[in-house]
Amino acid sequence: MTDVNALIARYLDTWNEPDAERRGKAVAGLWTEDGGYTDPLASVTGHQGIEAVIAGARDMFKGHVFRPAGPVDAHHDIARFTWELIPEGGDEPVVVGFDVAVIDEDGRIKHVYGFLDKVPA
């Protein structure tokens with residue numbers, strides 16, 4: 001498996017990318033063509049669906065950024081990690097989540113399963 005820490009860093013960078021065209025290229029580079037994303041609010045397959053979920057989160061939380069909230073734990077073709085969504089320049093997370101990524105033999109994401117541990121009221 002490729003460097004999983006670098007892969008997850010690229011994953012979070014994709015969620016933080018403000019430019020839709022660059023974000024689309026990042027999604028295409030990270031996910032397999034039939035890759036998917038599932039969390040309590042969405043379940044999509046394919047690059048367009050993943051791009052739409054990321055764009056929706058960016059629209060909902062303008063001025064916020066995703067950052068890792070601990071180390072990446074991985075074995076075989078699975079990685080798990082916790083992330084936080086914080087206001088730019090802030091430190092207190094408004095959302096905290098836990099994702100599990102399934103990675104193919106080429107080091108691309110096949111699917112991400114997301115869980116939300118803290119959400120705004």
Side-chain angles (χ1 to χ4, degrees):
M1 186 165 44
T2 62
D3 182 1
V4 70
N5 290 302
L7 180 70
I8 299 309
R10 286 177 46 217
Y11 169 81
L12 292 173
D13 288 346
T14 301
W15 284 82
N16 288 327
E17 176 55 59
D19 182 84
E21 186 176 334
R22 285 195 302 259
R23 194 169 52 243
K25 288 179 182 177
V27 166
L30 279 172
W31 267 272
T32 60
E33 283 70 23
D34 61 346
Y37 177 86
T38 303
D39 71 15
L41 305 173
S43 183
V44 297
T45 302
H47 295 168
Q48 286 184 326
I50 295 165
E51 289 177 51
V53 168
I54 295 172
R58 292 192 51 77
D59 285 344
M60 186 180 301
F61 293 99
K62 289 183 184 340
H64 289 72
V65 294
F66 290 88
R67 71 177 181 190
V72 176
D73 184 23
H75 62 80
H76 296 86
D77 62 349
I78 301 169
R80 68 178 180 157
F81 55 97
T82 301
W83 52 265
E84 300 173 325
L85 182 65
I86 60 168
E88 286 184 82
D91 199 43
E92 184 63 31
V94 295
V95 180
V96 177
F98 176 89
D99 286 0
V100 176
V102 180
I103 304 163
D104 79 356
E105 59 278 352
D106 295 326
R108 293 176 75 197
I109 297 171
K110 290 196 284 191
H111 206 99
V112 172
Y113 299 93
F115 299 85
L116 300 173
D117 298 323
K118 175 185 173 183
V119 295

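All residue numbers refer to positions in the sequence shown, counting from 1.
Of all the heavy atoms in Gly114 and Pro40, the pair that sits closest is O-CD, 3.4 Å. Residues Ile50 and Gly35 share a closest heavy-atom pair of CD1-O, 3.8 Å. Closest non-hydrogen pair, Arg23 versus Pro18, comes out as NH1-O, 3.5 Å. Nearest heavy-atom pair across Val112 and Ala101 is CG2-CB, 4.1 Å. Nearest heavy-atom pair across Pro120 and Val95 is CD-CG2, 3.7 Å.
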Can you give the donor-acceptor pairs under 3.5 Å from side chains of residues 8-15 to other protein atoms, not counting sequence neighbours?
{"unit_1": "Tyr11", "atom_1": "OH", "unit_2": "Trp15", "atom_2": "NE1", "d": "3.4"}
{"unit_1": "Tyr11", "atom_1": "OH", "unit_2": "Asp99", "atom_2": "OD2", "d": "2.8"}
{"unit_1": "Thr14", "atom_1": "OG1", "unit_2": "Arg10", "atom_2": "O", "d": "2.9"}

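In this structure, CD1 on Ile103 lies 9.0 Å from CD1 on Ile78, to the nearest 0.5 angstrom. One finds the CG atom of Asp39 at 12.5 Å from the OH atom of Tyr113 (value rounded to the nearest 0.5 Å).
For Asp91, the salt bridge (charged side-chain N to carboxylate O under 4.0 Å, His left out) test picks out Arg67, with sequence neighbours left out. Qualifying ring pair (Phe, Tyr, Trp, His ring centres under 6.0 Å) partners for Phe61, counting only residues two or more places apart in sequence or in other chains: His64. A search for salt bridge (charged side-chain N to carboxylate O under 4.0 Å, His left out) contacts involving Asp117 returns nothing, not counting sequence neighbours. Remark: Glu33 pairs with Arg108 by the salt bridge (charged side-chain N to carboxylate O under 4.0 Å, His left out) rule, at least two apart or across chains.
In this structure, Leu7 and Val72 have side chains that are not in contact, with every pair of non-hydrogen atoms separated by 4.5 Å or more. The side-chain heavy atoms of Phe98 and Val100, taken from C-beta on, include a pair separated by under 4.5 Å. With a 4.5 Å cut-off on side-chain heavy atoms, Pro93 and Leu85 do not count as touching.
Residues Val94 and Val53 fall within the same hydrophobic cluster, defined by Ile, Leu, Val, Met, Phe, Trp and Tyr side chains chained together at heavy-atom separations under 4.5 Å. Ile86 and Leu116 fall into different hydrophobic clusters, where Ile, Leu, Val, Met, Phe, Trp and Tyr side chains are chained together by heavy-atom contacts under 4.5 Å.
Side chain of His47 to main chain of Trp31: a donor-acceptor pair is present (N/O by atom type, distance under 3.5 Å, no hydrogens or angles). Side-chain atoms of Asn16 come within 3.5 Å of backbone atoms of Phe66 as a donor-acceptor pair (strictly under, hydrogens ignored).
Salt bridge absent: Lys110 and Asp104 never bring a charged side-chain N and a carboxylate O closer than 4.0 Å.
Among residue pairs with one or both ends in residues 41-64, those qualifying as salt bridge (Lys or Arg N to Asp or Glu O under 4.0 Å) are Asp59-Lys62; sequence neighbours excluded.
Within 6.0 Å of atom NZ in Lys25, 12 or fewer heavy atoms from other residues, nucleotides or ligands are found, so the atom counts as exposed in its surroundings.
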